[in-house]
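Quick note: residue numbers are just sequence positions, from 1.
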Amino acid sequence: MKKRVVSVVLSMAMVLTMAACGGSASGSGTDAGSGTSASGSSQITAITATNDPNADVGEPQYGGKATFMYTDFNQVFDPAMGESYTYSLWLETLFTMDWGIDDPDVASYKVNTLNVNDMAGQIADSWEWTINADGSSDLTVKIRDDVYFQEKEDEYDIFGARNLTAEDVAYSYDRLFGTGTCSGDAPIVIDQDWSRRMSELVDLTNPVEVTGDYEVVFHLITDSESKLSEFMMCSINITGPEWDTLTEEQKADWHYACGTGPYVLTDYVTDSYYKFTRNENYYDYDERYPENRLPYLDEVTLTKVTDVISAMSSFIAGDLDYIPMNANLSQDQQKQLVDACGDDVTIYSYPGGIMSIALKVNKAPFDDVRVRIAMQKALDLQTMTMNRYGISDIQLATLWDPSLAGWSSTDSWDEELAAEYTYDPEGAKALLEEAGYGDGFEFTVFVDSQSDIDLFELAKSYFAQVGITMDIETSSDMMEARQVQTASGDARQCNFGIGNNTDPGFAYQSYATDGFAYMNFHGDTHMNELLKAVRDAKTMDDQTAAALVADEYFARQHWFIGLSGIVNKNEFMSADLKGMENGELLSGSHFFKPILSRLWSV
């Protein structure tokens, strides 16, 4: 990308300004200078940008390079990975969401539950769903006949750039389910237990059948439209049986990473960067410009940047072209970035969830709902949201993503429930006294270092006013955070985003007592039934109705203590990159590959 015309003096001034405002090189992504007192007024200034992401962006151009900030670096290259961002640049799935849908009345920008009519094919060319008399169903999928594996250097070229066929599709599913003749004795499990997740969707005794060179049939044990959508949305990467001819050492070597996607992985340095080059033999075309074969960019680099100041200074200098929303720049830092870059930056804004404290309610004091309600009433969400994000009109979220049309119950809460989410320190003290904690209590919350630490510090000061002492531990080790979160015997509570669930299957796994990612340890089997109703609804309308019931019940339990109202999250992209519109999201969605392959440089 071309360098932005910004002086070195300005770049250094930015760094010094951020340091003075409390920016930290530790990667917290927050700005203590924006105020942390419980009663402090907002010091936020509105963020404006001159670039309209929906403006005419001109004709696409081929060539050029782009560097994207990325934080989630895995060291496993097996196609069994369910990660749908980095890996999607070289690996592909059968189905995807129609990435062009950005109408919130149709679908959320990051929804994982979508009417099948709004699905799009990647390797799949077309499909037909047939419901059987016994309540099962068959999904017949015709795959493209022009898909080829990427060509690698001779030493690592195990696929020989061959044509992908239906046998490869069946093999890819079989190895994850532990079925078929090439899968071995057990399912392949890396970051997803696909066999367990699919056990209520697919006939695991005969999940997929090859019925032609370019046709497979999936045998489902459901006739539910919503569960069909769930099956199609699962990010199962397609590979071929050559992969399992590799040794374990070879599978861990990035040189062997190979798929059918728009970019070829050509360089990798652990915890530093991934470098991709254009797949010259990629099959797909840009539907907006049907004569243009994808991708446009010659080279894409995903580089690991762990602290906000480095990200901002690199972006200003023109060495970084994209900062994702999960970088968590404070409002002041975002304004500084826009002021420094002016017309050289485009902002993409999306509604986010709510950061919260996820309570393990299997032990005192959190096993008492009065304590949980008291903790929520102790927090002035209005002031906290204004203080941290400059937003005065707050909107709450509980179980479901706020942009999921019709799934939030907050507008229909009765006065009693609304009061439980309203600031009332005296009411909080009375509830604590009634529950036997009039003298307060102490607890620890484990917070990943990329979260808004200042928001937790602000919550700490509010809790102190009603006698609750909250200690904050931070860690950049996401694996440790997951271990703390899923350990019922670990007394530490965790930070967590509520209002981020878009997949009923994932919600069930996380919040049902028999879900394999079970958290909160509430033991509430009624919640299981409510989540099953959402997951198993046969129509999308029935699913929305069930989701509303589950959302309100979830809110009444207060297993999560919300720390703010919903805030917009912003992504920042160099104005030199074109081809992306507002509503099309790179971070936090399944659109990373289709949009990245459609971006061009000017």
Side-chain angles (χ1 to χ4, degrees), residues 76-82 84 86-96 120-127 140-177 179-184 188 190 194 207-218 235-268 274-285 293-295 298 300 593-594 597:
V76 178
F77 297 95
D78 194 300
M81 285 290 294
S84 58
T86 312
Y87 286 64
S88 73
L89 294 185
W90 81 83
L91 290 163
E92 294 190 288
T93 57
L94 282 181
F95 315 103
T96 185
Q122 286 187 345
I123 292 174
D125 185 51
S126 62
W127 53 88
T140 302
V141 181
K142 292 183 179 180
I143 69 170
R144 302 178 64 122
D145 61 6
D146 57 352
V147 180
Y148 290 84
F149 284 98
Q150 299 161 350
E151 186 173 1
K152 305 285 287 192
E153 297 177 33
D154 289 345
E155 181 182 355
Y156 307 106
D157 194 17
I158 61 173
F159 291 99
R162 68 169 176 82
N163 180 224
L164 182 143
T165 70
E167 294 285 354
D168 298 307
V169 173
Y171 164 80
S172 300
Y173 280 80
D174 277 338
R175 78 187 294 260
L176 301 187
F177 295 164
T179 55
T181 58
C182 301
S183 62
I188 303 295
I190 294 181
W194 289 115
V208 56
E209 178 184 357
V210 176
T211 53
D213 290 344
Y214 300 99
E215 183 179 277
V216 295
V217 178
F218 292 97
S235 299
I236 292 181
N237 295 314
I238 306 302
T239 185
E242 291 93 333
W243 179 261
D244 279 329
T245 67
L246 298 176
T247 66
E248 292 304 311
E249 182 178 359
Q250 288 172 322
K251 289 179 180 179
D253 183 344
W254 67 266
H255 292 87
Y256 290 96
C258 183
T260 62
Y263 295 99
V264 182
L265 181 61
T266 50
D267 196 10
Y268 169 76
Y274 296 89
K275 185 171 288 185
F276 299 89
T277 56
R278 187 177 189 270
N279 179 7
E280 299 293 342
N281 200 29
Y282 190 51
Y283 58 84
D284 205 7
Y285 288 78
R293 193 162 185 165
L294 298 172
D298 282 342
V300 172
K593 177 189 66 187
S597 65

Under the side-chain contact (heavy atoms from CB on, under 4.5 Å) test, residues paired with Thr266 that sit two or more places apart: Val264, Lys275, Thr277
Counterpart residues, side-chain contact (heavy atoms from CB on, under 4.5 Å), relative to Ala124 (two or more places apart): Leu94, Phe95, Trp127, Val141
Heavy-atom pair of closest approach, residues Tyr283 and Thr260: CE2-O, 4.1 Å
Steps toward side chain to side chain contact (heavy atoms under 4.5 Å, CB included) verdict (Thr165, Asp213): CA-CA 6 Å; Thr165 70; Asp213 290 344; 5.6 Å; no
Any pair counted as side chain to side chain donor-acceptor pair (under 3.5 Å), so long as it reaches residues 142-153, sequence neighbours left out: Arg144-Asp146
Qualifying residues under salt bridge (charged side-chain N to carboxylate O under 4.0 Å, His left out), relative to Glu248, sequence neighbours excluded: Lys251
Shortest non-hydrogen separation from Ile238 to Leu164 and the atoms involved: CG2-CD1, 3.7 Å
Mutual orientation of the aromatic rings belonging to Phe77 and Tyr268 [parallel < 30°, tilted 30-60°, perpendicular > 60°]: perpendicular
Side-chain donor-acceptor pair present, Asp78, Trp243, cut-off under 3.5 Å: yes
side-chain contact (heavy atoms from CB on, under 4.5 Å) against Asn237, all qualifying residues, sequence neighbours excluded: Pro79, Leu91, Thr93
CA sep, side-chain torsions, deciding dist, call: Phe159, Thr239, side chain to side chain contact (heavy atoms under 4.5 Å, CB included): CA-CA 10 Å; Phe159 291 99; Thr239 185; 3.6 Å; yes
Set of side-chain hydrogen bond (donor to acceptor under 3.5 Å, both in side chains) partners for Trp194, sequence neighbours left out: none
Residues which pass side-chain hydrogen bond (donor to acceptor under 3.5 Å, both in side chains) with Tyr282, listed by chain and number, not counting sequence neighbours: Glu92
Gap between atom OH of Tyr274 and atom CH2 of Trp254 - 0.5 Å precision: 12.0 Å
Closest heavy-atom pair and its distance - Ala80, Leu176: CB-CD2, 3.4 Å
Heavy-atom closest contact (Pro262 atom, Pro295 atom, distance): O-CG, 3.4 Å
NZ/NE/NH1/NH2 to OD/OE distance under 4.0 Å, Asp284 and Lys593: no
Exercise: identify the closest heavy-atom pair between Cys258 and Phe149: SG-CB, 4.3 Å
Polar side chain donor-acceptor pair, Asp244 to Tyr171, under 3.5 angstrom: yes
All side-chain hydrogen bond (donor to acceptor under 3.5 Å, both in side chains) counterparts of Glu167, not counting sequence neighbours: none
Heavy-atom pair with the smallest gap, counting every atom of Tyr263 and Ser597: OH-CA, 3.8 Å
For Tyr173, ring-ring contact (aromatic ring centres under 6.0 Å, His included) partners two or more places apart: Phe177, Phe218
Side-chain (Asn163) to main-chain (Val147) donor-acceptor, under 3.5 angstrom: yes
For Glu215, all residues meeting salt bridge (charged side-chain N to carboxylate O under 4.0 Å, His left out), sequence neighbours excluded: none
Sequence-distant partners of Arg162, salt bridge (charged side-chain N to carboxylate O under 4.0 Å, His left out), two or more places apart: Asp168, Glu242
Those residues that, when tested against Asp298, pass side-chain contact (heavy atoms from CB on, under 4.5 Å) (two or more places apart): Arg278
